[in-house]
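Worksheet: the structure to be examined is printed underneath.
Naming convention: chains lettered A, B, ... in sequence-line order (proteins, then strands); numbering from 1 in each chain.
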Number of protein chains: 2
Amino acid sequence: MRGMPDAIDADGLTVGQVSACLGVTVRALHHWDEIGLARPSLRTAAGYRLYTAGDLERLHRIVVYREIGLGLDRIRDVLDDSAADVPGALRAQRTQVAERIDRLRQLSAGLDRMIDAHERGLLLTVEQQAAIFGPQWNPDWPTEARQRYGDTTQWRQYAERSASRGPEEWQAVADAVADLDRALGDAMDAGVTPGSPEANRLVERHREVFASYFPLTRQMQVCLGRMYEADPGFAAHYDGIRAGLATWFRRIVDASARAHGIDPDTATWQ
Amino acid sequence: MRGMPDAIDADGLTVGQVSACLGVTVRALHHWDEIGLARPSLRTAAGYRLYTAGDLERLHRIVVYREIGLGLDRIRDVLDDSAADVPGALRAQRTQVAERIDRLRQLSAGLDRMIDAHERGLLLTVEQQAAIFGPQWNPDWPTEARQRYGDTTQWRQYAERSASRGPEEWQAVADAVADLDRALGDAMDAGVTPGSPEANRLVERHREVFASYFPLTRQMQVCLGRMYEADPGFAAHYDGIRAGLATWFRRIVDASARAHGIDPDTATWQ
DNA sequence: GCTTGACCCTCACGTTGCGTGAGGCTGGAG
DNA sequence: CTCCAGCCTCACGCAACGTGAGGGTCAAGC
């Protein structure tokens with residue numbers, strides 16, 4: 001502000017003065033000059049841009065239309081009379097803006113679902129959960145699972161899928177799990193032995209059903225089998241179907257893994 | 001779709017197959033490969049990309065997060081566990097989206113005002129117009145003006161300014177116009193002669209006051225003076241202030257123009 | 001065995017509206 | 001005469017691909 005040469009009494013303002021006066025950056029003025037949208041009528045001998053009062057008029061109009069979101073091309077059309085229908089252009093712009101708002105609203109809704117899924121694990125009311133997962137279900141389980149596993153990749157994958165699942169989809173998952181549980185119990189009753197084709201088919205079926213939560217490698221499945229046996233909660237669930245089912249399940253998983261070249265005793269999550 | 005080699009039984013899908021399967025373009029897959037976001041695990045001898053089941057998992061997660069508007073960098077963070085706080089990232093994104101929605105809403109409101117200004121010419125109710133412009137005002141005038149001049153640059157400039165004017169601003173304009181009208185009448189009464197400094201000052205003042213509608217060159221002012229005299233409506237207004245004022249005004253404008261090197265008889269709008 | 005046509009590859013520029021230096025004049029003040 | 005703010009012209013960068021250009025690959029049909 002020191003060397004302000006009071007150039008206003010001269011016949012033009014420099015870029016810096018225009019910038020301060022209109023609230024646009026110097027670079028923007030350069031840009032508009034480059035693309036021919038608003039070039040200064042004058043230059044000093046040294047090449048400084050000088051904007052006259054008429055140039056300022058044009059610049060001001062540009063600023064006005066830029067503020068309502070028009071693209072520079074459209075602004076050029078409006079200023080140069082090449083598109084006579086200004087209200088039409090504005091209306092088209094408004095339509096576009098409305099569409100973008102709609103799109104953003106959908107994004108926002110999707111984000112809400114996704115956040116909810118990551119934090120709660122399940123986008124269902126307690127009543128819906130009870131109706132779908134049956135009387136044994138404990139609504140605190142998702143929260144506990146999140147506290148235990150919330151920072152694993154698998155929880156994230158689970159949450160991503162959960163975000164796009166409604167009651168019907170969860171019902172299908174619950175049905176598939178229940179069917180599998182029954183099939184496991186029946187097979188153990190029928191004396192199916194670990195390593196038999198029948199047992200291996202059930203192990204594969206478990207992998208597929210479980211994949212509705214997150215992708216499960218065979219190694220991970222081995223770890224899961226051991227956890228089912230060791231964890232009191234899981235063991236209670238399986239032994240509640242048939243006494244000894246948790247252990248039997250661990251054994252058929254181990255056998256299947258061995259058949260696929262995996263040593264169940266050194267298998268690792270991942 | 002003919003040469004579909006059923007490559008699914010092989011251990012990978014080509015870009016086209018993945019594209020069809022996930023609903024993303026081939027170019028996007030190339031791009032994600034380029035930036036290292038999702039590279040295929042395999043290539044054929046000929047260099048064809050082959051995406052395995054594991055690659056598809058990753059691609060699917062990318063698609064999910066892309067759909068809710070995350071940038072590729074953020075997606076990379078989420079997938080690679082480098083930013084553990086996924087819900088935090090999602091919430092930040094939601095905040096951003098909300099801000100963009102707000103901004104777009106403001107744009108939309110601005111567009112509405114601007115459209116209205118272009119089409120009606122005046123963003124005031126009939127009551128407000130009556131209160132500001134007095135009993136002589138006819139609310140049909142803006143519409144008539146638009147029909148006459150709606151496709152001129154000047155109407156557009158007028159509309160742009162009108163869009164940002166509320167009742168107070170219009171009141172100031174109306175006051176300035178009324179003051180000027182009074183001053184013109186008084187000057188004619190006082191015997192001010194065309195070409196005198198007093199008259200020229202009034203002409204300049206008229207240019208300045210009129211500039212609240214749109215920028216007015218001296219040439220345009222000459223045309224305006226002739227129209228005030230010739231048009232029955234305008235003439236009635238000025239002659240209603242003082243008999244003969246319309247003609248006297250035309251004469252002081254002509255004299256002022258001549259003093260500025262303009263021949264009033266050949267002056268042209270623009 | 002050769003052609004055909006769908007599919008694949010790798011550059012590499014274009015998009016929107018400037019931001020952000022790099023490197024170098026200009027011009028008023030001390 | 002020097003200093004420093006302010007001006008100039010390149011020229012790259014950005015976000016996420018779109019869109020050819022120019023040229024291999026592969027299964028099928030003649």
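Regarding contacts with the backbone of C/dT10, a side-chain N or O of B/R49 is found under 4.0 angstrom from either OP1 or OP2.
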Practice task
Give the intermediate values and the outcome of side chain to side chain donor-acceptor pair (under 3.5 Å) for residues B/W170 and B/Q128.
Solution key: CA-CA 10 Å; B/W170 275 117; B/Q128 287 174 323; over 6 Å; no
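A salt bridge is absent between A/R76 and A/D80; no separation between the charged side-chain nitrogens and carboxylate oxygens falls under 4.0 Å. Salt bridge status for A/E204 with A/R207: present, with a side-chain N to carboxylate O gap under 4.0 Å. Ion pairing between a basic and an acidic side chain is recognised when a charged N comes within 4.0 Å of a carboxylate O; B/R161 and A/E57 show such pairing. In summary, B/R58 and A/E160 do not engage in a salt bridge, as defined by a charged side-chain N under 4.0 Å from a carboxylate O.
As rounded to whole Å, 6 Å separates atom C1' of C/dG27 from atom OH of A/Y48. Atom pair A/Q17:CD and C/dT26:P shows a separation of 19 Å (rounding to whole Å applied). Between the C1' atom of C/dC18 and the CG atom of A/L59 lies a distance of 16 Å, rounded to the nearest Å.
Taking the ring-ring contact (aromatic ring centres under 6.0 Å, His included) definition, one finds that B/F210 meets it with B/H206, B/Y213, B/F214, sequence neighbours left out.
Non-hydrogen atoms lying under 4.0 Å from DNA chain D are contributed by B/R66, B/G71, B/L72, all within residues 62-75 of chain B. Across residues 23-44 of chain A, A/R27, A/H30, A/R43 each have a non-hydrogen atom less than 4.0 Å from an atom of DNA chain D (numbered order).
In this structure, B/H60 places its NE2 atom where only 12 or fewer heavy-atom neighbours from other residues, nucleotides or ligands lie under 6.0 Å away.
If one axis is set at each end of the helix from C/dG1-D/dC30 to C/dG30-D/dC1 from five pairs, those axes are 30° apart, to 10°.
Note on residues 27-36 of chain A: pairs passing salt bridge (Lys or Arg N to Asp or Glu O under 4.0 Å), not counting sequence neighbours, are A/R27-A/E34, A/D33-A/R39, A/D33-A/R43, A/D33-A/R49. Identified under the side-chain hydrogen bond (donor to acceptor under 3.5 Å, both in side chains) test for residues 94-110 of chain A, with sequence neighbours left out: A/R94-B/D112.
One distance of note links CD1 of B/I35 with CG of B/L72; it measures 4.5 Å at 0.5 Å rounding.
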